[in-house]
Amino acid sequence: MTRLPLTGIRVVEFSQMVMGPSCGMILADLGADVIKVEPPQGDRTRFFKSVASGFFNTYSRNKRSVVIDTATPEGQRTARRLIGTADVLIENFRPGLLKRFNLDHESLAPEHPRLIYCSLKGYLPGPYENRLALDEVVQMMGGLAFMTGPPGKPMRAGASVNDIMGGMFGVIAIQAALAERERTGNGAYIQSALFENNVFLMAQAMMFESVTGEVSTPWSVKASPWPSTTCSRPATASRSSFRSSVRSSGRVSAAASDSRAGLAIHGSRPARAASTIATGSSRRSPRPSASTTWHRFARRSSALGCLLRR
């Protein structure tokens, strides 16, 4: 392709870690001009070590960076001028941070009515909306850790699945908002969140319990309707498979910098996951309510009990 689908779209990215950067990365892979705003000391993922040492190179490819100190009046003016040239703004800082600098949606919308503003947070509006979250926290809260680990031993998934998929839902909503703007001329305010994304991932297990009345079984021991593979030395086999895939695709860094994202959209809105479960039908009776099913299911992840009692 000589012209990518989002060529001509400018995105300003105020983000850190994985969720926001992954959203910007996919938009950049689709052709958008993504400008990452970094603080004077540089994005902190540039300096991560150990297992997080690849964060910046992985999620900031195909972007341009600019240093702006948004804590100063001059920096805030510079940021607003940059935002004035953009179609989309992405941010995933803690709730209320950009409002302190007058860079929140309410502050920008009157001046930039065509701007599509995407906030990527831990939780959507509700009792937890002002709380911070991590991928592993919502995996425990929503039951993904229960379904991943062996019985009685919840385990974090081996990738930042909620961060990355939450960023993907942000991209889907941004593309929908861009299409809507073509018809109406108006921008939009978009939210995507880790917790609600995790609920969407757990929807099939929660629906299973709601429809059948049976208790879900972790994937590590359940009888799957499709083939799965077990081996006597899973750690060795996993490392061997990973190394083989790396060798077949060339150097990891080169593959990461040159690759382009492929999208297959087969989902529904993550924020609607709970209501979708609540309206499901079943011929079995009686059937537990969606709320009861979720609480019963999610309590099996060790970190959730204290959260539900608070």
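Keep in mind that this is a model prediction, so the values were computed, not measured.
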Does Glu91 come within less than 4.0 Å of Lys121, counting only side-chain N to carboxylate O?
-> yes
Are any non-hydrogen side-chain atoms of Arg64 and Lys36 less than 4.5 angstrom apart?
-> no
Side-chain heavy atoms of Glu13 within contact of Pro21, under 4.5 Å | yes
Give every donor-acceptor pair under 3.5 Å between a side-chain atom in residues 167-174 and any protein atom, sequence neighbours left out.
none

Test side-chain hydrogen bond (donor to acceptor under 3.5 Å, both in side chains), reference Asp87, set Arg114, Arg181, His112, output is Arg181
Using the rule that two of Ile, Leu, Val, Met, Phe, Trp, Tyr join whenever any of their side-chain heavy atoms come within less than 4.5 Å, decide whether Leu194 and Leu134 are in one cluster.
-> yes
Nearest 0.5 Å, what's the CG-CG distance between Asn198 and Asn162?
-> 4.5 Å
Please examine the side chains of Ser192 and Met19, heavy atoms only from C-beta on, and report whether any two atoms are closer than 4.5 Å.
-> yes
Examine Leu27 and Phe56 and state if one hydrophobic cluster contains both, with Ile, Leu, Val, Met, Phe, Trp and Tyr joined whenever side-chain heavy atoms are less than 4.5 Å apart.
-> no
Step by step, would you call Met25 with Val34 a side chain to side chain contact (heavy atoms under 4.5 Å, CB included)?
-> CA-CA 8 Å; Met25 176 200 70; Val34 179; over 6 Å; no
In Å, rounded to the nearest 0.5 Å, how long is the span from CD of Gln175 to CD1 of Ile190?
-> 10.0 Å
Would you name the heavy atoms of Asp43 and Ser15 that are closest together and state the gap between them?
-> OD2-O, 3.4 Å
Would you name the heavy atoms of Glu209 and Ser216 that are closest together and state the gap between them?
-> OE2-N, 2.9 Å
Look at the side chain of Ser210 and the backbone N and O of Met206, then say whether any donor-acceptor pair between them is shorter than 3.5 Å.
-> no
Which donor-acceptor pairs under 3.5 Å do the side chains of residues 148-160 make with protein atoms, sequence neighbours left out?
residue	atom	partner	partner atom	Å
Thr148	OG1	Leu144	O	2.8
Arg156	NE	Glu136	OE1	3.3
Arg156	NH1	Ala159	O	3.3

Looking only at heavy atoms, what is the nearest atom pair of Thr58 and Gly54, with distance?
-> OG1-O, 2.7 Å
Quick one: are Tyr59 and Thr45 in side-chain contact, heavy atoms under 4.5 Å?
-> no
Evaluate the side chain to side chain contact (heavy atoms under 4.5 Å, CB included) criterion for residues Val161 and Asp135: first the C-alpha distance (whole Å), next the side-chain angles of each, then the deciding distance (0.1 Å), finally the verdict.
-> CA-CA 7 Å; Val161 290; Asp135 203 311; 4.2 Å; yes
Give the minimum heavy-atom separation between Leu120 and Gly166, together with the two atoms involved.
-> CD2-O, 3.9 Å
Which distance, rounded to the nearest 0.5 Å, do you find between the CG of Leu6 and the CG of Leu178?
-> 7.0 Å
Transitive ILVMFWY cluster of Leu108 at side-chain heavy atoms under 4.5 Å: who else is in it?
-> Val12, Phe14, Ile35, Val37, Val66, Ile68, Leu82, Ile83, Leu89, Phe93, Leu97, Leu98, Phe101, Leu103, Leu115, Tyr117, Tyr189
Mind checking whether Leu124 and Glu129 have side chains closer than 4.5 Å, heavy atoms only?
-> no
Taken to the nearest 0.5 Å, the spacing of Ser220 OG from Met147 CE works out to 9.0 Å
Counting distance only, does the side-chain N/O of Arg3 pair as donor-acceptor with the main-chain N or O of Gly31 below 3.5 Å?
-> no
Would Lys63 and Asp33 pass as an ion pair if we require N to O under 4.0 Å?
-> no
How long is the gap from CD on Glu180 to CG on Asn186, to the nearest 0.5 Å?
-> 8.5 Å
Nearest heavy-atom neighbours spanning Asn62 and Ala28 | O-CB, 3.6 Å
What is the ring orientation for Tyr123 with Phe195, classed by angle as parallel under 30°, tilted 30 to 60°, or perpendicular over 60°?
-> tilted
Hey, any chance Val199 and Tyr128 share a hydrophobic cluster, counting ILVMFWY side chains that come within less than 4.5 Å of each other, even indirectly?
-> yes
Glu106: salt bridge (Lys or Arg N to Asp or Glu O under 4.0 Å) partners, not counting sequence neighbours | Lys99
From CE (Met165) to OG (Ser22), nearest 0.5 Å = 12.0 Å
What side chain to side chain donor-acceptor pair (under 3.5 Å) pairs are there with at least one residue in residues 68-79, not counting sequence neighbours?
-> Thr78-Arg81
Please list all pairs passing the salt bridge (Lys or Arg N to Asp or Glu O under 4.0 Å) test where one or both residues lie in residues 44-53, with sequence neighbours left out.
-> Glu38-Arg46
State, with a plain yes or no, whether a side-chain heavy atom of Arg10 is found less than 4.5 Å away from one of Val88.
-> no
Look only at the side chain of Asn92 and the backbone of Gln16, and say whether a donor-acceptor pair between them is shorter than 3.5 Å.
-> yes
